[in-house]
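Notes follow the structure.
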Amino acid sequence: MTAAPSPDPHLSFARRMDRSDGLAHLRRRFVGVTDAADGAAPEAVVAYLDGNSLGRPTIATGERLQRFVTEAWGGRLIRGWDEEWLDLPFAIGDALGSAALGAASGQTYIGDSTTVTIYKLARAAADAQLSRDPARTEIVVDTDNFPTDRYVLDGIAGERGMSIRWIVADTEAGVTPEQVAAVVGPQTALVVLSHVAYRSGFLADVPAITRIAHDAGALVLWDLCHSAGSVPTELDAWGVDLAVGCTYKYLNGGPGSPAFGYVRADLQEVLAQPIRGWLGSADAFEMGPEYVPAPGIRRFISGTPAIVGMLAMQDTIAMIADAGMEAVRAKSVALTEFAITLADDWLAPLGVTVASPRDAERRGGHVTLSHPAMREVTALLWQQDVIPDYRDPGGLRIGLSPLSTSFQETHAGLAAVRETLRGVLREQAGLA
Ligand SMILES: *Cc1c(COP(=O)(O)O)cnc(C)c1O
């Protein structure tokens, strides 16, 4: 007789958490998610742990896209612009601002890619600061910010004869208010930081850092790519000047869906964005000889908006509006806590360290687990339909999208990490 396998307390915990999760029903609204426990077909993917890079599509989005082709685009044709599309970037922006960003209407729009939106808003802010005070020649950014942010800002500094003031960030943590206080002063034009660090998941103290920057006379641009739809913000209440964020990550907008930009109401008339296009001008259809910026948030638009690209995000924004960001964040924290518990219990004995903050207050929606073998482990996991991603040095990123990820999925994913890493280490020991 063989002994019954000892029950896994982590699996019982995951089942309990899924049963009591107030957002669990939303998971079934995503394409490809059918839990085996429901008696349905097992999931095609064992564990999707990369919703922070590319969120899953919702079933509603499939229907929305189909309807758009037949009814809106196919039926209304060019009339669609006047009837709906010209205002869609601002209608969706307002819905997003209200559901997830803490932004009153008229300040958020869906525009270009994140990269281009960072350029437009940062360049506008830098120009406004320089014309107010030519001594404000520094842009503050951290060494571990996402490459696009660093490259764009470096380019703006070159164009405008400015310089970058680098904050050296801890790659397992992030930028602190003290570090910002140490570098800002009468020479600072703009501070650009990420709310959630893409590598470590560190959650920056936006209100404290914004206050410090403002006290020094600087403007702030927050990159919300890894927080929008996962960690709530209060952009208006925190006095944030500018923000930008991806919509294809936690907002499930689909590959390459355009980014959102936020410009505080009282800054809109002060800022001139550098890509002067006809649809951001005061009267686009007058087709006048000169560019006169439109009043309000419309001036941050350049050319024809990517309407098809901004359809899908509406389904997630609606879900968030229903669920409330507080509930979304609570589940996100519970998921990351659970992943850390599993990492400590299962992976630490194999030499894995947690390269993310342990304090939930300072952690966003993903957890990074470090081990020199993680690049190889990630490739092997993808072959088994377990999908996290990898970021140097040795970081396995576990992204836990609160609307679409379950506790049992997290359990299955981390169990696969354990088995795969064991296999790799066994093979290495054999070869040694
Ligand atoms: C994902 C991400 C981007 C991506 O920019 P794209 O223009 O959409 O490629 C930029 N910044 C941060 C912090 C990100 O996490």
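These figures come from a predicted structure and were not determined experimentally. All ligand and atom numbering here is 1-based and tracks the order in the structure.
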Side chain [X], main chain [Y], donor-acceptor under 3.5 Å:
{"X": "R150", "Y": "N145", "answer": "yes"}
{"X": "T341", "Y": "E337", "answer": "yes"}
{"X": "Q314", "Y": "L311", "answer": "yes"}

Minimum-distance protein heavy atom relative to [atom]:
{"atom": "atom 4 (C) of ligand 1", "result": "Y248 OH, 3.3 Å"}
{"atom": "atom 5 (O) of ligand 1", "result": "T114 CB, 3.4 Å"}
{"atom": "atom 7 (O) of ligand 1", "result": "T115 OG1, 2.5 Å"}
{"atom": "atom 14 (C) of ligand 1", "result": "K249 NZ, 2.9 Å"}
{"atom": "atom 3 (C) of ligand 1", "result": "F146 CE2, 3.5 Å"}
{"atom": "atom 13 (C) of ligand 1", "result": "D223 OD2, 3.1 Å"}

Which of the ligand 1 atoms, numbered from 1, are nearer than 4.0 Å to a heavy atom of [X]:
{"X": "H226", "answer": "15 (O)"}
{"X": "C246", "answer": "1 (C), 2 (C), 3 (C), 4 (C)"}
{"X": "T148", "answer": "10 (C)"}
{"X": "S194", "answer": "13 (C)"}
{"X": "C225", "answer": "2 (C), 3 (C), 10 (C), 11 (N), 12 (C), 13 (C), 14 (C), 15 (O)"}

Under-4.0 Å heavy-atom contact with ligand 1, by part of I118 that carries it | neither
Taking NZ, NE, NH1 and NH2 as the nitrogens, is one of them in R27 or E409 under 4.0 Å from a carboxylate oxygen of the other?
->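 Counted as a salt bridge, because a side-chain N and a carboxylate O are separated by less than 4.0 Å.
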Qualifying residue, where the test is side chain to side chain contact (heavy atoms under 4.5 Å, CB included) with P305 and the options are L279, I110, D112 = L279
Specify whether W238 and H195 have parallel, tilted or perpendicular ring planes, treating 30° as the upper limit for parallel and 60° as the lower limit for perpendicular.
-> perpendicular
Ligand 1 to N145 polar contact by distance, N or O atoms, under 3.5 Å =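 No, since none of the N or O atoms of N145 sits under 3.5 Å from an N or O of ligand 1.
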Other residues, nucleotides, ligands: >12 heavy atoms within 6.0 Å of R276 CZ | no
Kindly check if the number of other-residue, nucleotide or ligand heavy atoms within 6.0 Å of CH2 (W73) is above 12?
-> no
Does one side chain, of D236 or Q107, offer a donor that lies under 3.5 Å from an acceptor on the other?
-> yes
